[in-house]
2 protein chains.
Amino acid sequence: MRFSTRTRYGLRFLVRLAEQPKGVRLQLAQVAREENISPGYLEQIVRALKPLNILCAARGAGGGYTLAKSPEEINLEDIFLHLEGEIAPVSCLEKNKNCLRMGCCTTRTFWQKLDEHMRLFLHNITLQQFIDSEHHF
Amino acid sequence: MRFSTRTRYGLRFLVRLAEQPKGVRLQLAQVAREENISPGYLEQIVRALKPLNILCAARGAGGGYTLAKSPEEINLEDIFLHLEGEIAPVSCLEKNKNCLRMGCCTTRTFWQKLDEHMRLFLHNITLQQFIDSEHHF
DNA sequence: CAAAAACATAGTAAATCACTATGTTTTAGC
DNA sequence: GCTAAAACATAGTGATTTACTATGTTTTTG
C-alpha cells in the first residue's frame with residue numbers, strides 16, 4: 001500500500017500555497033525548485049487538481065497560483081481522489097467494475113470498511129492543519 | 001493507494017483456513033481452484049507468509065495447511081506486513097531510508113499519522129472476524 | 001516406488017510510474 | 001505591438017513493479 005509521488009508532490013505544492021498570506025501568488029517553477037520536484041512533472045500533477053476548483057491560476061508573465069478557498073475548507077479526501085485517481089484499496093471496489101465474486105467474497109466487506117475508514121481519516125484533515133502549529137499533527 | 005493481489009489472495013487463503021474446524025487441513029491447489037487463483041502464484045504468496053509462523057504445513061501426499069494459531073490470535077497488520085513487504089504509505093517512512101527532507105518536510109508528520117492510523121486499524125482486526133457472524137463487519 | 005503435495009527459483013509479458021520533450025496560449029511590461 | 005514569462009496541454013520513454021508461468025526439488029503417503 002503506497003501513495004505515489006503524484007500525491008506526495010501535489011500535497012506539498014498545496015501546502016506551499018496554503019502557507020502563503022491570502023492573495024499572494026506562487027509560481028509553479030519556483031515551488032518546484034524549492035521542493036526539488038521536476039517542474040514538468042509538477043505541472044501534470046497540478047493539472048490533475050484543476051477539476052477540484054481549489055486553484056486560482058493567473059496566466060502570463062508574473063502569473064502564478066493561489067488557493068481558491070481558504071485552507072480549512074480543503075480536505076485531503078478530495079485532493080487524494082484527484083491525485084491518486086481513486087482511493088479504493090482494491091480494484092473490486094472501483095465503481096463501474098462489478099466484481100464477479102461480489103456475492104460470495106468473504107473479504108469484500110472488510111475492504112469496504114477499510115475504504116470507509118481511510119476516507120473518513122482523510123476527510124477530516126484540511127490543509128489548515130499543515131500550517132497551523134496549534135492543530136499540527 | 002492500492003493493495004496488491006498478493007495481499008488479497010493471501011488474505012482469502014487464510015480466511016479459508018480459518019473457516020475450517022480446528023485441525024482440518026486444506027490443500028493449496030484446492031483453495032486455488034475454488035478461489036480462482038493461479039496455484040503457482042498462490043504458492044509464492046503462501047511462502048511469503050512462512051516467517052510469520054501462522055501456518056502449519058504437512059508435506060507429501062495428503063498434505064496441506066492448517067493455521068498454527070487460532071483465528072482470533074492472528075491480526076491483519078502482521079499479515080499485511082508480510083504480504084505487502086511494507087505498509088508504509090510513502091517511501092520516506094521506510095526504515096533504513098532516511099529522507100533528506102526529513103527535517104524540513106511539512107507533510108512528513110501527516111504521513112506518519114496516516115501510517116499509525118492504518119496499522120492500528122489493521123492490528124485490531126483478526127481472522128476470527130471474517131468467519132464470525134457476530135463480529136462480522 | 002509412484003503419486004501427490006509442499007517447497008523453491010528464475011524468467012516474462014503487461015501495466016504502471018516518474019518523469020522528459022515539445023509544443024500552444026495567455027498576459028505583463030517595455 | 002513585441003517579447004519574455006508563465007500557465008496549459010499532449011505524447012513519448014526508460015525503469016520499476018505486478019502478476020503471473022515454467023521448471024524444477026524435496027518430502028510423505030499408500
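A note on names: the letters A, B, ... follow the listed sequences, proteins ahead of strands, and every chain is numbered from 1.
For the pair A:I37 and A:T5, the minimum side-chain heavy-atom distance is 4.5 Å or more.
For the pair A:R59 and B:Y9, both in contact range of DNA chain D, the more 5′-proximal nearest nucleotide belongs to A:R59. Nearest-nucleotide positions on DNA chain D for B:A58 and B:P39 put B:P39 closer to the 5' end.
We find that CG of B:L42 is positioned 11 Å from P of D:dC20, with the value rounded to whole Å. The interatomic distance linking A:R47 (CZ) with D:dA11 (C1') rounds to 12 Å, in whole Å. One atom, CZ of B:F13, and another, P of D:dA19, lie 19 Å apart when rounded to the nearest Å. Between the P atom of D:dT18 and the CZ atom of B:R8 lies a distance of 13 Å, rounded to the nearest Å. If you take CD of B:E43 and P of D:dA19, they are 18 Å apart, rounded to a whole angstrom.
Results of the side chain to side chain contact (heavy atoms under 4.5 Å, CB included) test with B:Y65 over B:L26, B:V46, B:L49 single out B:V46 as the only residue that passes.
A donor atom on one side chain and an acceptor atom on the other are not found under 3.5 Å apart for B:E72 and B:T126. Donor-acceptor pairing under 3.5 Å is recorded for the side chains of B:E34 and B:Q30. Side-chain N/O atoms of B:Q20 and B:T66 include no donor and acceptor closer than 3.5 Å.
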For side chain to side chain contact (heavy atoms under 4.5 Å, CB included), just list the numbers for A:L114 and B:I125, CA-CA rounded to whole Å, side-chain angles, deciding distance to a tenth of an Å, and then say yes or no. CA-CA 11 Å; A:L114 178 58; B:I125 296 177; over 6 Å; no
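Interface limits on DNA chain C: the 5'-most and 3'-most nucleotides within less than 4.0 Å of chain A heavy atoms are C:dA18 to C:dA28.
B:Q44 contributes no side-chain N or O that forms a donor-acceptor pair with the base of D:dT18 under 3.5 Å.
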